[in-house]
Amino acid sequence: MYLTKIFAGKIMGKIISAVKGFFKQWNKPEGDNYVASKEIIAYSVGGMGVFFIAAIANNITLSSACLLIGAVYKISPTVIITLANVNTIVTLLVQPLKSWLIDNTPGKQGKARPWLLWLGGPTALFMSLIAYIPNTWSVDVKAVLVGVIFIFMNFCYQFYYGMYIQLSQLMTPNTNERAKIISLSSIIYSMAPTITGVIFPLIAAQFGENGTGWYSQNFYRVIAPVMTIFGYGLSLIAYFFTKERIVVAKRYEQKVKFADGFSKILKNKYLWIANIGVMLAVVRGSITTVMGWEYVYVLQNDNIYSVMSLIMGTASLFGMALGPIMMKKIGKKNTVILANAIFAGASMITLLFVNNFALFSVGIYLCYFSAAVQII
């Protein structure tokens with residue numbers, strides 16, 4: 001008991017010291033740091049706005065799991081897959097345009113920040129439009145409209161979201177400070193999906209009985225414009241109150257030919273490893289959607305979904321808080337390996353015990369925890 005008190009005292013001492021150091025640098029950074037604490041908070045709170053919009057993006061997807069597109073609009077899984085494939089092709093084709101736009105960002109606000117201002121509005125508009133397609137129109141017309149709107153929505157949203165994430169890399173040239181910014185901001189902006197995970201089921205319950213609110217078009221017509229507009233406004237805090245400190249000089253000219261650049265990409269094994277990792281991360285992330293299916297389709301209880309979403313949010317909080325500590329203790333590579341191992345084991349639990357509510361929930365909790373570790 002005595003040793004436990006000493007250990008707890010040391011932990012509390014470190015926490016208090018860290019908090020004091022953070023507020024001491026509220027207006028001016030110290031040592032090798034470049035970013036004041038108030039700017040880190042601005043970036044983090046702005047990120048909550050971005051992730052409020054991300055919460056809508058996660059509920060409006062080109063997949064059979066999307067209740068709006070599949071259950072409400074009655075678009076078949078085959079057509080949804082076709083639309084998703086078309087969107088993927090278009091995304092690949094416009095990628096050079098996106099790169100060109102970033103390289104030629106006008107003004108003196110930097111490479112990432114201006115896009116938070118310019119793309120938040122269009123993103124909110126296109127996400128809301130998908131929810132407002134008249135359901136009385138034919139399935140074919142709805143499918144075409146969903147496909148076209150989604151192309152524009154996906155371009156704006158992915159660009160917008162990517163520039164927010166990129167901003168953390170441009171705020172300071174100090175790599176240790178970057179890790180601190182990412183760690184703290186991820187804890188703060190992760191509150192957005194936790195909040196939406198709690199309130200969405202409660203709102204859905206107002207549009208139906210016994211979990212049927214998710215099948216109501218009016219539910220999406222409410223949450224899409226409200227959350228995206230609110231999120232856009234909140235994200236502007238990151239635009240107005242942060243600064244980029246790594247900016248390419250205007251006189252710099254890119255002199256690498258497209259053919260040479262493409263050749264370098266083919267030979268860059270680290271780039272391929274990173275991209276394969278991203279693709280596997282998308283597949284891995286789909287496991288967490290099982291929680292929604294369990295509560296919507298099996299339990300059909302919006303209140304349980306709301307409570308469990310709040311509980312699962314604590315798993316992300318613990319993962320983001322422990323991520324930096326794990327990296328210091330066992331290294332980044334071992335942290336990733338361990339987190340993946342936990343995720344794989346937890347995924348097996350969810351698949352094997354889908355009818356056991358307690359074990360299923362434990363499995364999902366561990367999935368959320370390990371996924372959050374890897375964000376850092």
Given ring-ring contact (aromatic ring centres under 6.0 Å, His included), test Phe155 with Phe126 step by step and report yes or no.
CA-CA 10 Å; Phe155 176 82; Phe126 289 124; 9.9 Å; no

Determine, step by step, whether Ser235 and Tyr160 satisfy the side chain to side chain donor-acceptor pair (under 3.5 Å) criterion, reporting the C-alpha distance in whole Å, the side-chain angles of both residues, the deciding distance to 0.1 Å, and the verdict.
CA-CA 10 Å; Ser235 71; Tyr160 172 75; 2.6 Å; yes

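Between the side chain of Asn334 and the backbone N or O of Ile330, at least one donor-acceptor pair lies under 3.5 Å. Here the side chain of Glu177 pairs a donor or acceptor atom with the backbone of Val35 at under 3.5 angstrom. Between the Gln25 side chain and the Ala36 main chain, no donor and acceptor come within less than 3.5 Å of each other. In terms of modelled atom types and a separation under 3.5 Å, the side chain of Asn135 and the main chain of Val72 share a donor-acceptor contact. Under a 3.5 Å cut-off, the side chain of Ser183 and the backbone N or O of Lys180 do not form any donor-acceptor pair. Using modelled atom types, one side-chain atom of Trp115 and one backbone atom of Lys111 make a donor-acceptor pair closer than 3.5 Å.
Leu119 contributes atom CG, which lies 11.5 Å from atom CD of Gln158 (distance to the nearest 0.5 angstrom). One finds the OG1 atom of Thr242 at 4.5 Å from the CG atom of Leu167 (value rounded to the nearest 0.5 Å). In this structure, Ile195 CD1 and Phe200 CZ are separated by 10.5 Å, a value rounded to the nearest 0.5 Å. Here the CE-CG distance, from Met163 to Leu116, works out to 9.0 Å after rounding to the nearest 0.5 Å. One distance of note links OG of Ser185 with CD1 of Ile165; it measures 7.5 Å at 0.5 Å rounding. Interatomic distance, Ser37 OG to Phe22 CZ, rounded to the nearest 0.5 Å: 4.0 Å.
Cluster annotation: Ile337 is not connected to Ile342 through the hydrophobic network of ILVMFWY side chains, with a link wherever side-chain heavy atoms come within less than 4.5 Å.
Under the 6.0 Å cut-off for aromatic ring centres, Trp214 and Phe219 qualify, their centroids lying closer than that. Aromatic rings from Phe369 and Phe318 are positioned such that their centres are separated by 6.0 Å or more. Aromatic ring centroids of Phe241 and Tyr43 lie 6.0 Å or more apart.
Looking at Arg245 and Glu39, a side-chain N of the basic residue comes within less than 4.0 Å of a carboxylate O on the acidic one, giving a salt bridge.
Between Asn154 and the options Val94, Asn87, Leu62, Thr88, a side-chain contact (heavy atoms from CB on, under 4.5 Å) holds for only Asn87.
Other residues, nucleotides and ligands contribute over 12 non-hydrogen atoms within 6.0 Å of the NZ atom of Lys98.
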